[in-house]
Amino acid sequence: MTRSLQALLGGGVLEAARGLLGRRLRSDIGGEVCEVILTEVEAYAGADDPASHAYRGKTPRTRTMFGPPGHLYVYRSYGIHWCMNVVTGPEGQASAVLLRGGFPVAGEAVMAQRRGRADHLTDGPGKLCQALGVTGANDGAPLSEGPVRLHDADPITGVVIATSRVGVGKAADRLWRFVLTKGV
DNA sequence: ACGAGGATGCTCT
DNA sequence: GAGCATCCTCGTC
C-alpha cells in the first residue's frame, strides 16, 4: 500500500515532486480524454525559493499557489504558452510542482491534433498543457475531481535523475528538476 | 544532435 | 518598461 496522494501533496515539495513521477495524469476536456504518465517535474518552494513566482508574496497571478494542496496552478509563459503546476504543502505556504513532461498512454490522436504535429506531443511544459487541453480556465481546479485528475494508484517506478531547473537562472545550485528514466 | 534567434503578451516594479 | 518556470524554425556538424 502506497502513501495516499493527498498525504503526498500535503507534505514537502521535494518529496511531492519525486512522488508525482510515474503517476497517471488524465484530462477530460472538450469531450476528449487524454492521459499521460508523468516523467519530468520541477519543485518550486514558494517563499524560500528565489525562482518561485510566489517568492515575493501573494499576487493576483499566484493566489492559487497559496491555497490548499492538490489543486492546479496554471500560468501563461512567455505570453504564448500555458504551464501547469500541482500546488503542494499546507495552505498558505506557496509551494508547487511544475509538470514538465510525460509520455502519452491515451488520446494520442487528440493530442496530435491539438499540437498540430505528430511528434513531441508532451515533452515540455507548454506542450504538455497544449496536448492535454489545459488552459488558464483550469487554474485553481481540484485534481481529485475536476477535468484534470491525478490517479491515486501505484506509480510506475524507475531511475530518477536530479538536475538544475530549466530556464531558471536563480538558485541554479538547487537540483530540483526530477526526470524519471527507464529502470534497468 | 545541437544551438542560436525570434515570436509574443502578461506580470510586477 | 524589463523580464520572463517556452516553443519552433532553420542553420550547422
Side-chain angles (χ1 to χ4, degrees), chain A residues 9 12-21 23 25 27 29 34 36 38-67 69-89 93-104 107-108 110-141 143 148 150 160-182:
Chain A
L9 299 183
V13 68
L14 293 178
E15 188 179 6
R18 286 178 173 275
L20 283 172
L21 288 175
R23 291 190 188 260
L25 178 73
S27 69
I29 293 173
C34 296
V36 301
L38 296 172
T39 56
E40 183 183 351
V41 300
E42 281 177 0
Y44 287 87
D48 300 323
D49 185 358
S52 170
H53 289 164
Y55 182 56
R56 299 192 178 277
K58 186 190 280 187
T59 67
R61 177 179 59 158
T62 62
R63 72 189 184 288
T64 64
M65 262 199 289
F66 288 83
H71 291 238
L72 272 181
Y73 162 51
V74 183
Y75 70 94
R76 206 192 271 283
S77 175
Y78 290 90
I80 309 172
H81 312 285
W82 296 106
C83 294
M84 65 174 141
N85 295 243
V86 177
V87 177
T88 70
Q93 192 172 318
S95 54
V97 177
L98 170 67
L99 306 184
R100 292 191 54 90
F103 65 85
E108 284 192 59
V110 176
M111 295 188 202
Q113 187 172 0
R114 285 173 174 152
R115 291 275 299 121
R117 55 191 294 169
D119 57 347
H120 295 286
L121 297 179
T122 56
D123 57 342
K127 304 177 201 177
L128 182 64
C129 280
Q130 187 180 24
L132 294 182
V134 173
T135 68
N138 300 296
D139 182 46
L143 285 158
V148 184
L150 272 169
V160 176
I161 296 175
T163 76
S164 56
R165 294 171 289 187
V166 174
V168 173
K170 297 165 186 166
D173 57 316
R174 302 187 187 184
L175 306 184
W176 286 3
R177 170 176 175 256
F178 303 104
V179 182
L180 178 66
T181 62
K182 295 170 184 173

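A, B, ... follow the sequence lines: proteins, then strands. Residue 1 opens every chain.
- Atom CD1 of A:Ile80 and atom C1' of B:dT11 are 15 Å apart (whole Å).
- Taking atom CE of A:Met84 as the reference point, atom C1' of C:dT6 lies 14 Å away to the nearest angstrom.
- In this structure, A:Arg165 reaches neither bases nor backbone, as no heavy-atom distance under 4.0 Å exists between it and the strands shown.
- Secondary structure note: stems in DNA chain C built from 3 or more consecutive Watson-Crick or G-U wobble pairs under 3.5 Å occupy B:1-7 with C:6-12, B:9-12 with C:1-4.
- As rounded to whole Å, 11 Å separates atom P of B:dT11 from atom CG of A:Asp139.
- One finds no salt bridge joining A:Asp123 and A:Arg100 here, because no Lys/Arg side-chain nitrogen approaches an Asp/Glu carboxylate oxygen to under 4.0 Å.
- By the 6.0 Å contact criterion, CZ on A:Arg117 is enclosed, its count of non-hydrogen atoms from other residues, nucleotides or ligands being greater than 12.
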Could you go through A:Leu25 and A:Leu132, starting from their C-alpha distance and side-chain angles, then the distance that decides it, and tell me whether this counts as side chain to side chain contact (heavy atoms under 4.5 Å, CB included)? CA-CA 9 Å; A:Leu25 178 73; A:Leu132 294 182; 3.7 Å; yes
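- In this structure, the nucleotide among C:dA5, C:dT6, B:dC10 sitting nearest to the side chain of A:Ser77 is C:dT6.
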Run the side chain to side chain contact (heavy atoms under 4.5 Å, CB included) check on A:Thr122 and A:Val36 step by step: do they pass? CA-CA 8 Å; A:Thr122 56; A:Val36 301; 4.0 Å; yes
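- Of all the heavy atoms in A:Leu21 and A:Glu40, the pair that sits closest is CD2-N, 3.7 Å.
- Classification of A:Arg76 and A:Asp139 as a salt-bridged pair fails, no side-chain N sitting under 4.0 Å from a carboxylate O.
- Look at A:Tyr44 and the base of C:dA5; the rings stack, centres closer than 5.5 Å and planes less than 30° apart.
- The nucleotide whose nearest atom lies closest to any side-chain atom of A:Tyr73 is, among C:dC4, C:dA5, B:dC10, C:dA5.
- Ranking B:dC10, C:dC4, C:dA5 by closeness to the A:Ser52 side chain, first place goes to C:dA5.
- For the pair A:His53 NE2 and B:dT13 P, the computed distance is 13 Å after rounding to whole Å.
- The heavy-atom pair separating A:Ser95 from A:Val13 by the smallest distance is CB-CB, 3.9 Å.
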Any chance you could list the contact pattern along nucleotides 7-13 of chain C? Use B for base contacts, S for sugar-phosphate-only contacts and - for none, protein heavy atoms under 4.0 Å, 5' to 3'. SSS----
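- Inspection of the A:Arg115 and A:Gln130 side chains reveals an N or O donor paired with an N or O acceptor under 3.5 Å.
- Atoms OH (A:Tyr78) and C1' (C:dA2) sit 13 Å apart, rounded to a whole Å.
- Separating the CZ atom of A:Arg76 from the C1' atom of B:dA7 is a distance of 13 Å, rounded to the nearest angstrom.
- Here the C1' atom of nucleotide C:dA5 and the CD atom of A:Glu40 are 11 Å apart, to the nearest Å.
- Spacing between atom OH of A:Tyr55 and atom P of C:dC4 amounts to 14 Å, rounded to whole angstrom units.
- The ring of A:Tyr44 has its center no closer than 6.0 angstrom to the ring center of A:His53.
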